[in-house]
There are 2 protein chains.
Amino acid sequence: MPVDVPRQVDHKARRDQIAEALLDIVADHGLEAISVRAVAAQAGVSAGRIQHYFANKDELLAYAIEYQDWLVQQRWNEQAWPEGEPTPREALRWVLLETIPRDDRRRREWLVGVAYLIRMLANPNLRALYVDGLPRLYRLLADLVRMAQEAGDIAPDRDPDVEAELLFGLADSQGPPVVLGLRTPEQATAAIDYYLDHLFQ
Amino acid sequence: MPVDVPRQVDHKARRDQIAEALLDIVADHGLEAISVRAVAAQAGVSAGRIQHYFANKDELLAYAIEYQDWLVQQRWNEQAWPEGEPTPREALRWVLLETIPRDDRRRREWLVGVAYLIRMLANPNLRALYVDGLPRLYRLLADLVRMAQEAGDIAPDRDPDVEAELLFGLADSQGPPVVLGLRTPEQATAAIDYYLDHLFQ
DNA sequence: ATCGTTCCAATACGTTCGTATTGTTAAAGC
DNA sequence: GCTTTAACAATACGAACGTATTGGAACGAT
């Protein structure tokens, strides 16, 4: 029970603003470029402010990906299929396109994801973000394939789990060539659409 | 023409030994963990030695991935298909399994690859390693599919380029779950074999 | 009005960093 | 045997680092 609450500020907003700056740096120059002072400069705040909102650098690093994870979940929840109920194919396409780094926001998310990957090896909390998310994504894709099969839009002899893995692999493998400029987001999208055309009868 | 060549040592061997130490650290703790002193400690040599063989840290970092790239090329060249000519299917399987981090060596190569990825964005020399290699791999896979089609082992209505992309995507997307322990190398291998079984008639 | 607390800027401190510099050893050429 | 040079180890140095500390301004509660 707080007896005194002087000078209240929006803590989450402050922390998020700092996390934003960190994520920008990580996407452009990797985790090696992260220092408290560098993040402060990027955010346009003092280093003292960062110290006030984060106990240490590790907590700052940890908050930043949790914040990014929250951003992604926000987007997935807010999607809520604006134009009525989507068909399984529309949902499938939406999910697959969501994973490719096709604009600045998703590009940053993608790059931050790979930057944190090695950290996941030793950090169980970080690992959980990936370990929990991936099987859920596989299940979602397989379920959508199953729904399309029940609607008669995909041949019944296709294995939904195998198709889910192929679809995910196809989408997932677009990441590196897209961020490295070897392929445009449009080409990546076309590759996915091409395969969806073949999968759906 | 060297007039004086006192105290000759194998320069490449020394540089490679140092690069080995660097790659070990990068795979375990990322590029952020790289310092001249840390690499020296890992290699069991003095920091002065590293200074003697590399002008600066950037050159050391650059040499290390070039060395890794050389290691990978060595393995691909030395393969040379020990037991006679391989069938297209055998070659396809070999190439695909080669990309998944199924043992310590390949796991290190995989992790180092992702660690260097963000650096590729700004460094053209690093980017070239990826930009040159990927299309070549796609072509190789597509050619092998074509050869199998000509031999009547793959249905002629399959698009070799699409199949190449699916195969690569399937193999490529095994990397993260394998290094993070979400899937065993055996399971990743089984996923590839399962799809090859379906692709080949 | 004052007190207490939050918010934050500024500074300080000890460590680690990349790299320059110096010194020493040993082998090759004459 | 003497000189020269490669091959280091060791040390030095300034910059940057994470973080502890200090101090002040601003505002809510009393």
Side-chain angles (χ1 to χ4, degrees), chain A residues 1-26 28-65 115-116 119 122-123 126, chain B residues 1-26 28-65 115-116 119 122-123 126:
Chain A
M1 232 173 268
V3 188
D4 265 341
V5 190
R7 185 104 92 100
Q8 66 274 27
V9 298
D10 188 338
H11 265 237
K12 169 154 173 54
R14 298 273 199 228
R15 290 161 70 95
D16 289 354
Q17 181 203 2
I18 295 168
E20 278 285 333
L22 184 141
L23 295 176
D24 280 339
I25 298 178
V26 169
D28 285 342
H29 306 104
L31 281 171
E32 8 156 9
I34 294 302
S35 73
V36 173
R37 286 168 239 254
V39 174
Q42 173 77 20
V45 304
S46 74
R49 180 119 125 204
I50 295 187
Q51 268 199 116
H52 184 68
Y53 287 102
F54 298 95
N56 52 45
K57 186 182 173 181
D58 262 5
E59 191 186 299
L60 170 57
L61 256 350
Y63 184 83
I65 7 105
Y116 271 86
R119 286 207 146 212
N123 186 324
L126 285 184
Chain B
M1 232 172 270
V3 187
D4 266 340
V5 191
R7 185 106 91 100
Q8 66 274 24
V9 299
D10 188 339
H11 265 238
K12 171 156 173 51
R14 297 275 199 229
R15 291 161 70 94
D16 289 354
Q17 181 202 2
I18 296 169
E20 279 285 333
L22 185 141
L23 295 176
D24 281 339
I25 298 178
V26 169
D28 286 342
H29 305 106
L31 281 171
E32 9 156 7
I34 294 301
S35 73
V36 173
R37 286 170 239 254
V39 173
Q42 173 77 20
V45 303
S46 73
R49 181 119 124 205
I50 294 186
Q51 266 197 118
H52 184 68
Y53 286 102
F54 298 96
N56 52 46
K57 186 182 174 182
D58 262 6
E59 192 186 298
L60 170 58
L61 256 349
Y63 184 83
I65 7 105
Y116 271 86
R119 285 208 148 213
N123 186 324
L126 285 184

Minimum-distance nucleotide to [X] side chain [options: [options]]:
X: Val36(B); options: dA10(C), dC7(C), dG18(C); value: dG18(C)
X: His52(B); options: dC7(C), dA7(D), dG18(D); value: dA7(D)
X: His11(A); options: dA10(C), dC7(C), dG18(D); value: dC7(C)
X: Asn56(B); options: dT19(C), dC7(C), dC8(D); value: dT19(C)
X: Arg37(B); options: dT19(C), dC7(C), dG18(D); value: dT19(C)
X: Val9(B); options: dG18(C), dG18(D), dC8(D); value: dC8(D)

Output the rounded distance in Å from [atom1] ([X]) to [atom2] ([N]).
X: Lys57(A); N: dC17(C); atom1: NZ; atom2: C1'; result: 12 Å
X: Glu59(A); N: dT19(D); atom1: CD; atom2: P; result: 10 Å
X: Gln51(B); N: dG23(C); atom1: CD; atom2: P; result: 16 Å
X: Phe54(B); N: dA20(C); atom1: CZ; atom2: P; result: 16 Å
X: Leu60(A); N: dT19(D); atom1: CG; atom2: P; result: 10 Å
X: Arg49(A); N: dT11(C); atom1: CZ; atom2: P; result: 18 Å

>> Strictly distance-based, threshold 3.5 Å: is any side-chain N or O of Tyr116(B) a donor or acceptor partner for the main-chain N or O of Leu61(B)?
In response: yes
> According to a strict under-4.0 Å criterion, is Ser35(A) in side-chain N/O contact with OP1 or OP2 of dC17(D)?
Replying inline: yes
> Does Tyr53(B) put a side-chain nitrogen or oxygen below 4.0 Å from OP1 or OP2 of dA6(D)?
Replying inline: no
> Just checking Ile34(B): base, sugar-phosphate only, or nothing, at a heavy-atom cut-off of under 4.0 Å?
Replying inline: sugar-phosphate
> When we call it a touch if two heavy atoms are under 4.0 Å apart, what does Arg14(B) touch: a base, just sugar-phosphate, or nothing?
Replying inline: sugar-phosphate
> Between Ala64(A) and Ala19(A), which heavy-atom pair has the shortest distance, and what is it?
Replying inline: CA-CB, 4.1 Å
> Which pair of heavy atoms, one from Glu32(A) and one from Leu31(B), lies closest together, and at what distance?
Replying inline: OE2-CD1, 3.7 Å
> How are the rings of His11(B) and Tyr53(B) set relative to one another: parallel (under 30°), tilted (30 to 60°) or perpendicular (over 60°)?
Replying inline: perpendicular
